[in-house]
Amino acid sequence: MASGGPFRLRLRLTLLVLYAFWISLAHAVSGQEPLKSVPEQRGYNAGEGIPVSCLNRTIETGEHITDASGQLQYIPFPTCNETGRPLELFFGIEKDINCTIDFISDPFFHLLEFYIHSDAPLTCRIPSKPLPPSALAHDLLALDTTSQEGALGTQSTLYTPLIIALAGTLQLSHLHVGNSLNLLVHAAPRSLSPGTVDAAAAYSVSSHTRNARVTIGDSLTLQFAVRWYPSITLPPGWSGYGGHVYKSTFLYCLLSAGASAAVCIAYFRGVELPRRLKRYAREKMNGGGRLVGGGGYGLPVANGNGARGYGGYGYGVGKKD
Ligand SMILES: *[C@@H]1O[C@H](CO)[C@@H](O)[C@H](O)[C@H]1NC(C)=O
Ligand SMILES: *[C@@H]1O[C@H](CO)[C@@H](O)[C@H](O)[C@H]1NC(C)=O
Ligand SMILES: *[C@@H]1O[C@H](CO)[C@@H](O)[C@H](O)[C@H]1NC(C)=O
């Protein structure tokens, strides 16, 4: 039995080592498991660029174009002269972005006609989170960002639709494009999904007065006012009919209150007070010792010992008995 001791010990040690190895292996495998199937997409960092791509459409009918596998074809937004790149947003950055499309080609002009005439919307989309590297993405959804063919169109959870509602008017030879646009983006609440776009929309404002006249060959500057919201609810925006009306009303009240006070003071000093003093003097001469509440305003001005209540225009001086 003396020789059995070391042998058992060695066996146990071996088993222990094997067990530890197996545990660590299991850990490693389980740790890598999410990477092998669906990689966890990270959220955007603040200020990170978000590319905008839009549905390609035929210029004959304005209908969307699908690729051989029936997927909607998205192409980058036209290149902006300001940046030399297609339109981009930046996560959480509120600013005004100008995007000048340098040359309106014949096809693009016809598409603009469809957009303005509401035959077809300018349907764009932005990635809800940074797109995974294309190698992984290829495994994931056969998604190739370079060819801009989104595997599942706007139905894909990878993207958030961004409809750009261009307003304007059609003329025979040219277009008026409401080129002043508000662009709103909602991020999902940080606690639920940090760095994630939840919804987005853009629309022309004051298109009757703020528009650009364009024909084929012109340039077109789109002015986007980009605003971000950190949740899916909009903050209340209405505080009276345009804040300035409220403010000016308040100012008007203040001014008119001041003006009427000035008129009252002038009247009291210039008319009423001399009259009372005169009457007071007359009554004193007539032997009347007391004067209470002289006329009009019922303000107790004096109590017979002189012209008290002159200071402060008679407020709160009171009758002194
Ligand atoms: C959009 O579709 C048209 C018509 O199929 C095609 O000629 C054009 O190359 C497409 N645009 C891009 C950027 O792929
Ligand atoms: C756009 O940029 C090009 C090259 O930088 C320039 O030649 C062109 O005049 C610009 N267009 C507009 C409308 O600013
Ligand atoms: C955009 O363009 C308009 C008109 O050309 C100009 O007034 C405005 O300052 C520009 N804004 C930015 C942010 O460049």
Side-chain angles (χ1 to χ4, degrees), residues 47 49-115 119-127 131 134 142-154 156 159 161-164 166-168 174-185 202-228:
I50 305 174
V52 179
S53 52
C54 304
L55 209 50
N56 195 7
R57 295 184 179 277
T58 64
I59 62 163
E60 287 81 27
T61 61
E63 226 171 309
H64 55 254
I65 289 172
T66 49
D67 63 13
S69 56
Q71 312 289 3
L72 299 174
Q73 190 193 16
Y74 280 85
I75 57 175
F77 194 91
T79 300
C80 308
N81 231 31
E82 285 80 2
T83 56
R85 297 153 61 86
L87 181 66
E88 299 181 283
L89 306 176
F90 300 93
F91 193 87
I93 305 290
E94 300 200 316
K95 62 172 181 177
D96 293 347
I97 298 178
N98 282 352
C99 178
T100 300
I101 299 163
D102 189 30
F103 182 85
I104 296 183
S105 62
D106 187 65
F108 189 64
F109 183 80
H110 287 297
L111 288 178
L112 278 177
E113 286 183 317
F114 288 128
Y115 302 147
D119 299 314
L122 174 48
T123 308
C124 302
R125 66 179 188 181
I126 51 183
L131 292 174
S134 48
L143 202 219
D144 188 343
T145 52
T146 51
S147 77
Q148 301 297 325
E149 287 165 21
L152 298 171
T154 43
S156 168
Y159 291 95
L162 167 59
I163 308 282
I164 301 178
L166 276 180
H174 62 271
L175 288 174
H176 290 276
V177 181
N179 61 341
S180 202
L181 297 123
N182 286 349
L183 199 165
L184 313 185
V185 192
Y203 48 89
S204 299
V205 291
S206 297
S207 62
H208 294 294
T209 50
R210 298 164 76 171
N211 56 51
R213 181 192 192 279
V214 292
T215 53
I216 294 167
D218 285 349
S219 67
L220 169 62
T221 301
L222 298 173
Q223 298 170 18
F224 293 98
V226 182
R227 297 293 178 271
W228 283 80

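Every number for a ligand or one of its atoms is a count from 1 in the order of the listing. Here, residue 1 is the first one in the sequence, and each next residue gets the next number.
Short contacts between ligand 3 and Asp96, defined as distances under 4.0 Å to a heavy atom of the residue, involve ligand atoms 13 (C). Residue-ligand proximity, Ile65 to ligand 1, at heavy-atom distances under 4.0 Å covers atoms 1 (C), 2 (O), 3 (C), 4 (C), 5 (O). Atoms of ligand 3 found under 4.0 Å from any heavy atom of Asn98, numbered from 1 in the order shown, are 1 (C), 2 (O), 3 (C), 8 (C), 10 (C), 11 (N), 12 (C), 14 (O).
The shell of residues lying under 4.0 angstrom from ligand 1, judged by heavy atoms, includes Gln73.
For ligand 2, the 4.0 Å heavy-atom shell contains residues Asn81, Thr100, Asp102, Ser219.
In this structure, Glu94 places its CD atom where more than 12 heavy-atom neighbours from other residues, nucleotides or ligands lie under 6.0 Å away. Shown here is Arg227, whose CZ atom has more than 12 heavy atoms of other residues, nucleotides or ligands within 6.0 Å.
Here the side chain of Ser207 pairs no donor or acceptor atom with the backbone of Gly178 at under 3.5 angstrom.
The aromatic rings of Phe77 and Phe224 lie perpendicular to each other, with more than 60° between the two planes, well past the 30° mark.
Figure legend: cation-pi geometry between Arg125 and Tyr74, with NZ or CZ positioned under 6.0 Å from the six-membered ring centre and within 45° of its axis.
Shown here are the side chain to side chain donor-acceptor pair (under 3.5 Å) partners of Ser105, two or more places apart in sequence or in another chain: there are none. By the ring-ring contact (aromatic ring centres under 6.0 Å, His included) test, Phe91 is found to be paired with Tyr44, Trp228, residues two or more places apart in sequence or in another chain being considered. Annotation: ring-ring contact (aromatic ring centres under 6.0 Å, His included) contacts of His64 (sequence neighbours excluded): none.
Where the criterion is an N or O separation shorter than 3.5 Å, residue side chain and backbone included, Asn56 meets it with respect to ligand 1.
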